[in-house]
Amino acid sequence: MTAGAQDPKTPVVAIDGPVGSGKGTIARRVATSLGWHLLDSGALYRLVALASVKRGVAETEEEDLAALASDLSVEFETDQSGDERIFLDGEDVTSDIRSEECGRVASAVASFSGVRAALLEIQRGFRKKPGLVADGRDMGSTVFPNAFLKVYLTASAEERAKRRHKQLKDKGIDVSLPALSRDIVDRDRRDSERTVAPLRPAADARLLDSSGQSIDEVTQTVLDWVAELEKGN
Ligand code: DC
């Protein structure tokens, strides 16, 4: 990690929100447009989950999981076609970490404060010049409390269920839409009611409801906010 890696003056755009809000897509677009670095913090929780499965650490063992998280050997690279590749212990796990099972274990390990604390410094290490766009659940509230811009991206549960339904269908997985909607409402409740790092907007976050808006429109709103804040500085 370079000396300037944790420079608190390097600007951060924090994009948080619930599952299906589109934050991953928007964060990537905004980062590309600004020419800034990108942190997909969910990928780190997924990597801890995958490492735990590979090393036989039970998803209930907080101490062992925290040790594993602080010792994580990960690399994020961009391949020749511009796609991001993620490596765990030198092995390309880009698609492995996207499985439903990995997401389920990630959600379990993310509920441990020991794991969250272990990932804190790793996440802050992504703050490099000229700037960082970070997406997750607690980027604005905990990881980068002095972020230059904090966005809390939402969409109606119905719209998020529809997006998830389409994503799964594109992968050849057929799940009923009402079941997905129920799942999303349940997950929202669990995520916002849990005691460790509950999902909620940072006090100074700008709320952005992406229901009925295109990816381009939402991206443009965030870029307009960045420009507005840059002008004010
Ligand atoms: O965004 P995602 O589906 O890749 O996230 C995977 C899991 O990690 C999800 O259950 C929520 C959790 N997570 C978290 O608790 N905090 C973050 N900053 C990012 C993800």
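Only a predicted model underlies this, so the values are computations on that prediction, with no experimental measurement involved. Remember, it's 1-based here, ligands and their atoms both numbered in the order they're listed.
Summary of contacts: the protein heavy atom closest to atom 8 (O) of ligand 1 is Tyr45 CB, 3.4 Å. Closest protein heavy atom to atom 19 (C) of ligand 1: Ser41 OG, 3.4 Å. Atom 5 (O) of ligand 1 has its closest protein heavy atom at Gly42 CA, 3.6 Å. If you check which protein heavy atom lies closest to atom 1 (O) of ligand 1, you get Arg137 NH1, 3.0 Å. Shortest contact from atom 7 (C) of ligand 1 to any protein heavy atom: Ala106 CB, 3.8 Å.
Put simply, the side chain of Arg124 gets close to the backbone of Val143: a donor and an acceptor are under 3.5 Å apart. Remark: the backbone N or O of Gly114 is paired with a side-chain donor or acceptor of Glu62 at under 3.5 angstrom. The main-chain N or O of Met139 is never found under 3.5 Å from a side-chain atom of Lys150 such that the two would form a donor-acceptor pair. Judged purely by atom type and a 3.5 angstrom limit, Ser33 has no side-chain atom pairing as donor or acceptor with the backbone of Arg29.
At under 3.5 Å, not a single nitrogen or oxygen of Arg187, backbone or side chain, sits near a nitrogen or oxygen of ligand 1. Checked against a 3.5 angstrom limit, the closest N/O atoms of Arg116 and ligand 1 fall inside it. For ligand 1, one of its N or O atoms has an N or O atom of Asp138 under 3.5 Å away.
Aromatic rings from Phe76 and Phe126 are positioned such that their centres are separated by under 6.0 Å.
Listed by number with element, the atoms of ligand 1 under 4.0 Å from a non-hydrogen atom of Met139 are 18 (N). Here is the list of ligand 1 atoms found below 4.0 Å of a heavy atom in Ser107: 10 (O). Short contacts between ligand 1 and Arg46, defined as distances under 4.0 Å to a heavy atom of the residue, involve ligand atoms 2 (P), 3 (O), 4 (O), 6 (C). Annotation for ligand 1: atoms under 4.0 Å from non-hydrogen atoms of Arg194 are 15 (O). Listed by atom number, the atoms of ligand 1 under 4.0 Å from Ala110 heavy atoms are 12 (C), 15 (O).
The pair Arg104-Glu59 counts as a salt bridge, with a side-chain nitrogen and a carboxylate oxygen less than 4.0 angstrom apart. Ionic pairing of Glu100 and Arg46 is not present here: no N-O contact between side-chain nitrogen and carboxylate oxygen is shorter than 4.0 angstrom.
Each of Lys171, Lys169, Arg164, Arg163 was evaluated against Gln167; a single residue qualifies, Arg164, per the side chain to side chain donor-acceptor pair (under 3.5 Å) test.
Contact record, Arg194 with Val196: NE-O, 2.9 Å, taken as the closest heavy-atom pair.
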